[in-house]
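Structure record follows, encoded as structure tokens.
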Amino acid sequence: MSEQSKPTNFIRQIIEADLASGKHKKIHTRFPPEPNGYLHIGHAKSIVLNFGIAEDYGGECNLRFDDTNPHKEDVEYVEAIKEDVRWLGYQWSGLYYASDYFEQLYQFAVELIEKGLAYVCDLTPEQVREYRGTLTEPGRESPYRNRSVEENLDLFRRMRAGEFPDGSRTLRAKIDMASPNMNMRDPTLYRIRRGAIHHQTGDEWCIYPMYDFTHPISDALEGITHSLCTLEFEDHRPLYDWVLDHISAPCHPRQIEFARLNLEYTVMSKRKLTQLVEEGHVEGWDDPRMPTIAGLRRRGYTPAAIRDFCNRIGVTKVDGTVEMGVLEASIREDLDRTAPRRMAVLDPLKVVIINYPEGKVETLEAPNHPKDDAMGSRRLKLTREIYIDRADFRESANKKYKRLVLGGEVRLRNAYTIICDEAVKDDQGEIVELRCHYDPDTLGRNPEGRKVRGVIHWVSASEGVPAEVRLYDRLFRVPNPAAGDAPLGELLNPDSLQVVQAVVEPAVADAAPGERFQFEREGYFCRDAVEAERGRLVFNRIVTLRDSWAKLEGKQR
RNA sequence: UGGGGUGUCGCCAAGUGGUUAAGGCACCGGACUUUGACUCCGGCAUCGCAGGUUCGAAUCCUGCCACCCCAGCCA
């Protein structure tokens, strides 16, 4: 897998330069999610970047929960996030919470007040907005901006003590109300949240620090050297630096921004993903169609494929959208090498092999992998009645069609060749059964004097096992569902899930939960772990095989 | 109309004044094939636009254009 070739990107170049110049002897990064939802493939990009850098440069990477807004967060999410990071194959150096630093943060705020660089403001949220000005007009200074240090200290202490109601006051940085950068117009540092129960600190605090104040300090306290975040924080960087420049910080990490991941035919924003779940368009956060780590895991994606994908797409500041094909290529490449082959008939059509003895069960040996003998083999059972896929038979077709036609011959994969003698139809003219005869001399060798081009898969009617198979496709009909303002529900792909009753070869009947196979000529599948727990044999299609026949056929129309 | 960013093949992305402008995905040919899979071979760009500097520019300068982000007591 192309994972072995180390990625190169502008951030790694900066790091290499910092190492070479001696600015840093050891690199320290961090992955800082807010525990307010489940991780998705976009987070994976950040995880692979941060942990990957630590790995490749002999550094460390922390997992830090950015938990400064108790209203939105929950332990349920911190547990899920930890599981996802571990599943992706990473181990954090330190596990921290921004809330671990609440007391220190408070003391740094006091330091700013003492330096005359922060003040308690009594403006209401509405007034703050009015005073802030607009993108093109400067703001006005708060009338509370010039309170004395003593008064500010007293008020801030009383804010902490719970003396004031929510929304009545904030602590603000005293920077520049005329700055062209809105983030520098006296940004809020602390707000009051009296009723909140924080998932880590309970009711210990009733004032909570804002991201812009917390993040640089948390980074500095952990000795982070490079603080990597997404593009929308670009104009927060002056504030990040301002905070560290004006307190007695142990060090000054460098914030570097990169583009977040956009993937075609799906959405990435927490709001929209939540909407999909809440409106019932998917079964939950781990629905196999979701771009969440939990969804991809249940779908059957491997951690290695996701890591490989993240390395393939690179890291830049360009706001682009990656095609699904890249993700699919990553999982196909991984599974082609590692997934044992099996046969499963998804749309069964009965075939009676008329010259095959009734009651006979022949055991055939079939390799688990066409190119890797070390993967061993399994046994197949051939009987007089078998199933093939309905799509593998046509009464007549042009020579491009390599499968079974009336009077034509194909090979049953891993078995004999058969020739179709008759298609039996019901009253509606629907084909219900095929009557064929086989050539006993074609096991493991080609017939004399004729060339059999087609190979189709099959399963014994009596020895095969019924299973439910869930065929997943892209969740949306449009490449960029987030664009425009059409309701998400109207953009969904109505065929994103198709459930079929299939027949699978006996060797997959006892598949382990989550075990992956290639169902030959169909795609890669994994046994659904959730359904397995209920004792049901259900397979999820992870991804189809590349299909040049479908392409050819499409072109002919 | 303020500020911050970004523009290299359909998508992602190397490139850091002198290279035939990497590579991956996709696509198009062809070989091989008991998976129309895999694999293999071959094809596939003058760098947003316009000027300028230079012996030489995707790389430097100037001016345009397009797109993204910012007016939460969210992160």
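Just so it is clear: chains get the letters A, B, ... in the order the sequence lines come, proteins before strands, and each one is counted from 1. Please read these numbers as outputs of a predicted model, since none were measured by experiment.
Nearest-nucleotide mapping onto RNA chain B: of Asp235(A) and Lys371(A), the residue sitting toward the 5' end is Asp235(A). Positionally, the nearest nucleotide of RNA chain B for Asp319(A) lies more toward the 5' end than for the other of Arg169(A) and Asp319(A).
Across the C1' atoms, G72(B) and U8(B) are found 38 Å apart, a figure rounded to whole Å. For the P atom pair drawn from G24(B) and C74(B), the interatomic distance equals 48 Å after rounding to whole Å. Using atom C1' as the reference point in both A50(B) and G7(B), the two lie 16 Å apart (nearest Å).
Taking only side-chain atoms of Met210(A), from C-beta outward, the nucleotide of A26(B), A71(B), C74(B) with the closest atom is C74(B). Side-chain proximity of Lys317(A) to C73(B), C25(B), G5(B): nearest is G5(B). Among A75(B), U34(B), G5(B), the nucleotide with an atom closest to any side-chain atom of Glu234(A) is G5(B). Closest to the side chain of Arg413(A), from the set G36(B), G3(B), U34(B), is U34(B). Ranking A71(B), A37(B), G15(B) by closeness to the Thr134(A) side chain, first place goes to A71(B). Considering only the side chain of Lys72(A), C74(B) comes nearest among A13(B), G5(B), C74(B). When distances are taken from the side chain of Ser548(A) to each of C70(B), U35(B), A37(B), the shortest belongs to A37(B).
Distances shown here put every side-chain N or O of Arg12(A) at or beyond 4.0 Å from the OP1 or OP2 atom of A14(B). For the pair Arg312(A) and G23(B), the criterion of a side-chain N or O lying under 4.0 Å from OP1 or OP2 is not met. For Arg193(A) and C74(B), the shortest distance from a side-chain N or O to OP1 or OP2 is below 4.0 Å. Taking only side-chain nitrogens and oxygens, Arg185(A) never comes nearer than 4.0 Å to OP1 or OP2 of C70(B). In this structure, Thr316(A) reaches the A13(B) phosphate: one of its side-chain N or O atoms is under 4.0 Å from OP1 or OP2. The shortest distance between the side-chain N/O atoms of Gln255(A) and the OP1/OP2 oxygens of G4(B) is not below 4.0 Å. Close to A75(B), at under 4.0 Å from its OP1 or OP2, lies a side-chain N or O of Thr68(A).
Aromatic ring pairs are classed by plane angle as parallel below 30°, tilted from 30° to 60° and perpendicular above 60°; the pair Phe517(A) and Phe519(A) is parallel. Ring geometry, Trp205(A) versus Phe102(A): the interplanar angle exceeds 60°, so the pair is classed perpendicular (tilted spans 30 to 60°).
The nucleotide A21(B) finds no pairing partner, because no Watson-Crick or G-U wobble arrangement with both distances shorter than 3.5 Å includes it. The nucleotide U6(B) finds its pairing partner in A66(B), both defining distances of the Watson-Crick or G-U wobble pair being shorter than 3.5 Å.
Relative to the six-membered ring of Tyr208(A), Arg193(A) misses at least one condition, a distance below 6.0 Å or an angle of at most 45° to the axis. Judged by the 6.0 Å distance and 45° axis criteria, Arg140(A) is positioned over the aromatic ring of Tyr131(A).
Donor-acceptor pairing under 3.5 Å, judged by distance alone, is absent between the side chain of Arg521(A) and the base of U35(B). Evaluation of atom-type donor-acceptor distances gives no pair under 3.5 Å for the side chain of Arg129(A) against the base of G72(B). Under 3.5 Å, the side chain of Glu323(A) and the base of G10(B) form at least one donor-acceptor pair of N or O atoms. Taking only distance into account, the side chain of Glu522(A) never meets the base of U35(B) through a donor-acceptor pair shorter than 3.5 Å.
Taking CD from Glu362(A) and CG from Leu382(A), the interatomic distance works out to 5.5 Å, rounded to the nearest 0.5 Å.
What separates CD1 of Ile256(A) from P of U6(B) is a distance of 13 Å, to the nearest Å. Per the geometry, CG belonging to Asp66(A) stands 20 Å off P belonging to G72(B), to the nearest Å. Rounded to a whole Å, the CE atom of Met177(A) is 15 Å from the C1' atom of G2(B). The CG atom of Leu552(A) sits 9 Å away from the P atom of C28(B) (whole-angstrom rounding). Following rounding to the nearest Å, Asn368(A) (CG) and U35(B) (C1') show an atom-to-atom distance of 14 Å. When rounded to the nearest whole Å, the span between CZ of Phe10(A) and P of G5(B) equals 12 Å. To the nearest angstrom, P of U33(B) lies 19 Å from CZ of Arg445(A). In this structure, Ile542(A) atom CD1 and A37(B) atom C1' are separated by 15 Å, rounded to whole Å.
Under the stacking criterion of a centre-to-centre distance below 5.5 angstrom and an interplanar angle below 30°, Trp549(A) sits stacked against the six-membered ring of G36(B).
For Glu448(A), the CD atom sits in a loose shell: 12 or fewer heavy atoms of surrounding residues, nucleotides or ligands are nearer than 6.0 Å. Summarising the local packing, CZ of Arg453(A) is surrounded by 12 or fewer heavy atoms from other residues, nucleotides or ligands at distances under 6.0 Å.
The glycosidic torsion of G72(B) lies within 90° of 0, which places this base in the syn conformation.
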